[in-house]
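Structure, as structure tokens:
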Number of protein chains: 2
Amino acid sequence: MTTQRKAPDAARRNEAARRAILTAALDLAGEVGYARLSIEAIATRAGAGKQTIYRWWPSKGAVLFDALLMLSEGQDDQPADLPDTGDLEADLKTVLRATVDELNDPRYSEPMRALAIEILLDPALAADFAERLDEPMRELKRRRLRRAQQAGDLGPGVDLDVAVDLLWGPLKNRWLHREGPLTTEFADTVVETALNGLRPGQSSSSTSR
Amino acid sequence: MTTQRKAPDAARRNEAARRAILTAALDLAGEVGYARLSIEAIATRAGAGKQTIYRWWPSKGAVLFDALLMLSEGQDDQPADLPDTGDLEADLKTVLRATVDELNDPRYSEPMRALAIEILLDPALAADFAERLDEPMRELKRRRLRRAQQAGDLGPGVDLDVAVDLLWGPLKNRWLHREGPLTTEFADTVVETALNGLRPGQSSSSTSR
DNA sequence: CATAGACGAGACGGACCGTCTCGTAGTACG
DNA sequence: CGTACTACGAGACGGTCCGTCTCGTCTATG
């Protein structure tokens, strides 16, 4: 997927081999981590030839990317939109808590960390990831915040991209750099602090509802 | 530095070789990026034997770490404390703008990115980095914010670690993941948004002095 | 002034890389 | 229904870099 160098015939593709390779990549990423994850090991584990991997994927990162896509397509709870109950703070906490749970699931976490590292190393993969996953997700977040802004729950001058960074960035940082335990309490605190701001207001910690 | 395996005699250490190695590491990181940075290339560029590197550093990342320390020790503007003029917003903007300038300096930026990646891959290096650089810096930030809190410029219930994440995290993210141009305007917006919060207040964008 | 030890150089086996070439098997198309 | 195509598993290949080791040289410490 993603790109191919000399037009292999997609109609003749062996679906079983594809699934075996993606599954092996996920398992190995979880078992040995990114640093020791090799294409040779993936091929051996999958019972596939190395050439079968090189035929269909341009890089190890692309394999991981597809592997995670396969994993997330497994359960179709992919939301077309972020929840909007009218209560911005509650909705944000719901979403961030779900993110925390996902990032704490070892089935996702290690392969995702491996992919994140691969993305830092490979600009082509970074562009592919940004286009197919990151930017669409960001647009979802921006859209929810834009509705909140129109409803008057967000300051009219707030830059929505900065708002997204403030809300989701701390979680991403803490997870990727293992800066501490990723808890739902942390997610809640981030939401409250970002919404209320650091300055002393009438509301300092827990607010609203 | 950092650790040694069999107690080489530090008194007999060749300072010229040490500097040549660290300089070569910095130059190569800037020229070829992390992905192609090899210890062999560093040794060759430095006119040193590989063993000389392995004798004094436990990993490529440790070399990069020391190289960046050497670079930053070059100019002694290492502040014992963050500025405190009494105007929190102005002080934060000053500091974050300086960070932006440093992250935009290619002399620092590429080696730092290489080190950041190495840290993601190597828990031992991560611990070393956290102890010797990251945590002390974070304490500096926390201390400035604590003073602000005591002065009433920060909400009394604000978690100072979360506040640091909100202020410095977006810059780190944008830089490391190349999510967009790192400008002083962005830094200013982050400071204003984090201080004021996302909710509509009496002040929406630019505030105070 | 002698000697221990750091030094530059590079050989070594091993891990993976990415390419290639086999013989086999399954599928698309005549 | 048969045949040609081509993806497949397997693995050999040269290449890079790893981390260890072994040289002979140079130096500075004792």
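Just so it is clear, the model here is predicted, and its values are computed rather than measured. So that the names make sense, note that chain A is the first sequence line, chain B the second, and so on, each numbered from 1. Just so it is clear, the values below take in all heavy atoms, side chains as well, and ignore hydrogens, waters and symmetry mates.
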[N] [atom2] sits how many Å from [X] [atom1], rounded?
X	N	atom1	atom2	result
I53(B)	dC17(D)	CD1	C1'	13 Å
I39(B)	dA9(C)	CD1	P	17 Å
N14(B)	dT29(D)	CG	P	12 Å
R18(B)	dC7(C)	CZ	P	12 Å
R19(B)	dC7(C)	CZ	P	15 Å
W57(B)	dC18(D)	CH2	P	15 Å
E40(A)	dC13(D)	CD	C1'	12 Å
Y34(B)	dC17(D)	OH	P	13 Å

Between A43(B) and A10(B), who's closer to the 5' end of DNA chain C by nearest nucleotide?
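In this pair, the answer is A10(B).
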
Just compare [options] and give me whichever is closest to any side-chain atom of [X].
X	options	result
D9(A)	dC7(C), dC8(D), dA7(D)	dA7(D)
Y54(A)	dG5(C), dC17(C), dG19(D)	dC17(C)
R12(A)	dT27(C), dC17(C), dC18(D)	dT27(C)
K60(B)	dC18(D), dT22(D), dA6(C)	dC18(D)
P8(B)	dG8(C), dA6(C), dC8(D)	dA6(C)
K50(A)	dG9(D), dC7(C), dA12(D)	dA12(D)

Close side-chain approach of W57(A) and L22(A), heavy atoms under 4.5 Å:
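Result yes, sub-4.5 Å side-chain heavy-atom pair found.
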
How about L69(B) and L133(B): do any of their side-chain heavy atoms sit closer than 4.5 Å?
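Sidechains of L133(B) and L69(B): in contact.
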
Assess whether side chain to side chain contact (heavy atoms under 4.5 Å, CB included) is satisfied between T193(A) and L198(A), documenting all intermediate values.
CA-CA 6 Å; T193(A) 311; L198(A) 303 175; 3.5 Å; yes

Distance-only donor-acceptor test, Q51(B) side-chain atoms vs dC21(D) base atoms, 3.5 Å:
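Looking at the base of dC21(D), it does pair with a donor or acceptor on the side chain of Q51(B) (distance under 3.5 Å).
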
Examine the base of dC7(C) for any acceptor or donor lying under 3.5 Å from a partner atom in the side chain of R55(B), and report the outcome as yes or no.
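There is none.
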
Most 5' of A11(B) and S38(B) on DNA chain D, judged by nearest nucleotide
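Here S38(B) is the residue nearer the 5' end.
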
With a 4.0 Å cutoff (strictly under), does any side-chain N or O of W56(B) reach OP1 or OP2 of dA6(C)?
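For dA6(C), neither OP1 nor OP2 has a side-chain N or O of W56(B) closer than 4.0 Å.
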
Are OP1 or OP2 of dG8(C) and a side-chain N or O of T52(B) less than 4.0 angstrom apart?
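So the side-chain polar atoms of T52(B) do come within 4.0 Å of the phosphate oxygens OP1 or OP2 of dG8(C), strictly under.
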
With distance as the sole test, does Q149(A) use its side chain to make a donor-acceptor pair with the main-chain N or O of V158(A) at under 3.5 Å?
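It does hold such a pair.
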
One thing to verify: whether D84(A) and R144(A) come together as a salt bridge, which I'm taking to mean a side-chain N less than 4.0 angstrom from a carboxylate O.
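The answer is yes: the pair qualifies as a salt bridge.
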
